[in-house]
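Okay, so here's the structure we're looking at.
Side-chain atoms are counted along with the backbone in the values below, which use heavy atoms only and exclude waters and symmetry mates. Start at 1 with the first residue, then count along the sequence.
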Amino acid sequence: MALTVVSELEEEWRDSQEHILEAYFAIASSISALIHRTKKWLADTIGEDFYTVTSGQPMQTVDELCNWSERVIASYRRSVSSVEKDSRNSIIRKVQDYIAQNPGTASLQTISSSVYLNPSYLSKIYKLETGEGISEYTLRVRMEKAILMLEQSPEKIYEISTLLGYQKPSYFIHLFKKHYGITPQEYRNKLGL
């Protein structure tokens, strides 16, 4: 559509200040509405080009209008991309906080419920942003917590297993050995506990 407007301006109204100004106001109005919908300030989003809007200096040529429009649209796109990135980072932090606070009960379902997202969508975003799956991260947090518990608490290995969300101690022992190369008991023995 923008190409159609520009083409029409260049072909039929190249010398019409009125038509150039009309196209400028339509574009400025549309961009303003889009920016305000994202709850951002126009000046923050489009930078120096904001002053073109407020100065009252109309565009003189179709080329000026095209260049201004391209810069403003590029600024808007960067702004939207930044908002989306911030939103994703916020989700990642919430997921990691949830797992840290609930290592024994954290599952994809409980995590996705805590951040109000569909489990498959959350998995996709998490993997895209961190390069690691949620289950991999959860396992890593549980194993780090297991090390702390083995070092600092008197609980038996089967009790630690249960606290970390593993119903079968044998499965916990298997995962621990796979992760660290030794069993939980061997780790405790190595520490002299």
Checking [X] now: which residues fulfil side chain to side chain donor-acceptor pair (under 3.5 Å) with it, not counting sequence neighbours?
X	value
Tyr187	Glu151
Glu136	none
Ser107	Thr110

Mind listing the closest non-hydrogen atom pair of [X] and [Y] along with its distance?
X	Y	value
Pro184	Ile173	CD-CG2, 3.9 Å
Arg142	Pro103	NE-O, 2.6 Å
Ile160	Arg188	CD1-NH2, 3.8 Å

Results of side-chain contact (heavy atoms from CB on, under 4.5 Å) for [X] - residues two or more places apart only:
X	result
Lys177	Thr183
Asp97	Gln101
Leu163	Met149, Glu155

Could you list the residues that satisfy salt bridge (charged side-chain N to carboxylate O under 4.0 Å, His left out) with Glu132, not counting sequence neighbours?
Arg140
Which residue pairs pass the side chain to side chain donor-acceptor pair (under 3.5 Å) test when at least one of the two sits in residues 161-174, sequence neighbours left out?
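Qualifying pairs: none.
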Report yes or no: do Leu148 and Phe172 belong to one cluster of Ile/Leu/Val/Met/Phe/Trp/Tyr joined by side chain heavy-atom distances under 4.5 Å?
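No, because Leu148 and Phe172 fall into different hydrophobic clusters, even though each may have its own neighbours under 4.5 Å.
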Looking at residues at least two apart in the chain, or sitting in another chain, which of them share a ring pair (Phe, Tyr, Trp, His ring centres under 6.0 Å) with Tyr158?
none
With a 4.5 Å limit on heavy-atom distance, are the side chains of [X] and [Y] in contact?
X	Y	value
Val95	Tyr137	no
Asn189	Ile182	no
Ile147	Phe176	yes

In Å, rounded to the nearest 0.5 Å, how long is the span from CZ of Arg71 to CG of Asn67?
6.0 Å
Pairs of donor and acceptor atoms involving the side chains of residues 111-128, under 3.5 Å and at least two apart or interchain, shall be tabulated with distances.
from, atom 1, to, atom 2, distance (Å)
Ser112, OG, Leu108, O, 3.0
Ser112, OG, Gln109, O, 3.0
Ser113, OG, Gln109, O, 3.0
Ser114, OG, Ile111, O, 2.7
Asn118, OD1, Ser120, N, 2.8
Asn118, OD1, Ser120, OG, 2.6
Asn118, OD1, Tyr121, N, 3.3
Ser123, OG, Pro119, O, 3.1
Tyr126, OH, Gln96, NE2, 3.0

